[in-house]
2 protein chains.
Amino acid sequence: MSEDIRTDPSRKTPRYARKTADQRREVLLQATLRCIVRLGVEKTSIRAIAEEADVSVGLVNHHFGSKEALVAAAYRHIADTLLHEIEARVADTGGSARDRLSAFIRASFSPVVLDRSLFRAWLAFWTLQAQAPEISAVHKERYGAYRKVLEELIAEFQQETGVATLSPRMAAIGLSGLLDGLWLEWCLEPETFSPEEGITLSETWLRTVVEARPAG
Amino acid sequence: MSEDIRTDPSRKTPRYARKTADQRREVLLQATLRCIVRLGVEKTSIRAIAEEADVSVGLVNHHFGSKEALVAAAYRHIADTLLHEIEARVADTGGSARDRLSAFIRASFSPVVLDRSLFRAWLAFWTLQAQAPEISAVHKERYGAYRKVLEELIAEFQQETGVATLSPRMAAIGLSGLLDGLWLEWCLEPETFSPEEGITLSETWLRTVVEARPAG
DNA sequence: GCTCTTGTTGAACAACTGTTCAACACCGTG
DNA sequence: CACGGTGTTGAACAGTTGTTCAACAAGAGC
């Protein structure tokens with residue numbers, strides 16, 4: 001019988017490196033996002049994630065308990081990243097509320113957000129939302145934060161101009177609806193309109209917020 | 001050995017009823033939509049569809065060739081139904097272009113469209129769109145028709161008023177974006193705003209189309 | 001250098017998936 | 001009333017899936 005190379009005690013290079021739980025979780029999270037973006041949800045299996053993270057299949061459930069928990073964590077991560085990205089651009093701009101709203105709009109049509117492979121990740125999360133309460137909770141929390149930022153900017157903008165034809169709440173719902181709708185349609189079919197046209201349309205809405213008469 | 005009841009030739013009630021290909025296809029299509037709505041895409045398997053249609057597993061591939069073809073057919077069916085529903089309401093209203101646009105908006109926020117379980121079906125189709133060219137083609141075709149209806153109504157509306165601050169194309173993209181965005185957000189979290197508020201916001205956009213100065 | 005904790009492995013498992021196809025049986029035709 | 005074509009069946013197939021867990025081994029503490 002030949003010797004089993006796998007159990008050869010003279011081996012010098014370690015077969016794996018031990019990491020702390022936090023480190024491993026981060027690695028698995030990033031691998032999950034890459035898989036969802038690259039392969040789509042359908043094909044994002046535990047085995048695909050494990051391979052992407054250069055890790056064995058068993059480790060995923062060891063660190064996250066279940067695939068659902070891992071995906072929920074990935075959702076929270078991606079939502080946080082995008083909101084922080086937009087907030088950072090708004091903060092960098094500074095200036096009047098009007099200027100910062102424009103920065104918010106421009107950030108919403110930047111390549112970081114207008115990313116079709118990222119869109120596939122969102123579709124995945126939304127699909128899971130109906131069944132997984134954990135994911136639904138993450139959505140509620142993240143989306144509330146997103147709209148709150150908009151609402152405060154709009155309230156400030158209306159104070160600057162002294163005109164307010166729509167309540168900040170309604171105006172924010174309208175703007176986020178427009179931004180999300182254009183984002184959705186662009187991701188589904190990018191030939192329909194350009195990001196610049198999207199910015200123009202959103203700016204038009206912004207003007208509505210302080211100019212148009214209330215709808216009858 | 002006991003007799004096998006399944007091959008008992010004295011059986012009186014037929015085990016199945018033969019149908020034409022068109023009839024079977026229709027039955028399978030409806031069963032597929034019910035499954036997607038009830039179970040979500042993940043759980044919508046050939047076996048689930050077959051059971052829902054009271055039919056054996058083999059019949060699905062016999063009539064549609066593959067699961068993908070069946071789902072694409074279901075997409076086309078559901079998209080057609082919704083667009084026709086909206087167009088019918090617009091036609092029933094008649095009157096000025098302005099009135100018909102309002103009818104379009106009201107129809108878009110009616111329970112037929114604002115249906116969370118229907119939303120799950122759309123998510124399914126969008127998810128598959130990235131991989132399945134057949135589904136992508138159906139989307140392009142149906143969505144183009146949707147926007148064309150809006151564009152023509154808006155052009156007519158602008159002729160009525162004699163004012164046009166946005167091109168019909170841009171105005172239609174903006175309105176469909178707003179409608180879709182609000183629809184998306186409502187389906188994900190219905191507590192955020194009421195359908196009536198959605199109608200108000202969309203009507204506000206309509207006013208923009210003939211009143212607001214072009215965006216700088 | 002040894003021990004011990006514990007992060008890591010991967011074969012095994014049960015439950016699914018879409019697809020195939022030979023056998024079956026319904027029902028119009030002769 | 002028997003024939004035959006064809007719509008229908010469902011077991012079988014070759015994959016896949018998420019999860020489990022006994023065995024392993026890395027690397028810190030002594």
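Each chain gets a letter, A, B and so on, in the order its sequence line appears, and its residues count up from 1.
Taking atom CZ of residue Phe64(A) and atom C1' of nucleotide dT19(D), one finds them 16 Å apart after rounding to whole Å. When the P atom of dT6(D) is taken as reference, atom CZ of Arg18(B) falls 9 Å away, rounded to whole Å. In this entry the distance linking CG of Asp54(B) with P of dG10(D) reads 11 Å, nearest Å.
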Contacts under 3.5 Å, N or O only, protein and nucleotides 28-30 of chain C:
none

With 3.5 Å as the limit, what N/O pairs link the protein to nucleotides 16-19 of chain C?
residue	atom	partner	partner atom	Å
dT17(C)	OP1	Ser45(B)	OG	3.1
dG18(C)	OP1	Lys67(B)	NZ	2.5
dG18(C)	OP2	Ile46(B)	N	2.8
dG18(C)	N7	Arg47(B)	NH1	2.8
dG18(C)	O6	Arg47(B)	NH2	2.7
dT19(C)	OP2	Asn61(B)	OD1	3.0
dT19(C)	OP2	Lys67(B)	N	3.1

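Nearest to the side-chain atoms of Tyr16(A) among the listed nucleotides dA26(D), dT9(D), dC27(C) stands dA26(D).
Not a single side-chain hydrogen bond (donor to acceptor under 3.5 Å, both in side chains) links His63(A) to another residue, sequence neighbours left out. For Glu51(A), there are no salt bridge (Lys or Arg N to Asp or Glu O under 4.0 Å) partners two or more places apart in sequence or in a different chain. Applying the side-chain hydrogen bond (donor to acceptor under 3.5 Å, both in side chains) rule to Arg147(B) yields no partners; only residues at least two apart in sequence or on another chain are considered. By the salt bridge (Lys or Arg N to Asp or Glu O under 4.0 Å) test, Glu191(A) is found to be paired with Lys140(B), residues two or more places apart in sequence or in another chain being considered. Legend: residues meeting salt bridge (Lys or Arg N to Asp or Glu O under 4.0 Å) with Glu52(B), ordered by chain and number and at least two apart, are Arg34(B), Arg38(B). The side-chain hydrogen bond (donor to acceptor under 3.5 Å, both in side chains) test applied to Ser45(B) returns no partner, not counting sequence neighbours. Contacts of Thr127(B) classified as side-chain hydrogen bond (donor to acceptor under 3.5 Å, both in side chains), with partners at least two apart in sequence or in another chain: none.
Taking the centre of each ring, Phe193(A) and Phe109(A) stay at or above the 6.0 Å mark.
Residue pairs satisfying the side-chain hydrogen bond (donor to acceptor under 3.5 Å, both in side chains) criterion with at least one member in residues 109-123 of chain B, sequence neighbours excluded, are listed as follows: Asp115(B)-Ser117(B). Sorted by first and then second residue, the salt bridge (Lys or Arg N to Asp or Glu O under 4.0 Å) pairs involving residues 53-80 of chain A (not counting sequence neighbours) are Arg76(A)-Glu141(A), Asp80(A)-Arg142(A).
At a non-hydrogen distance threshold of 4.0 Å, Arg24(B) from residues 20-30 of chain B come into contact with DNA chain D.
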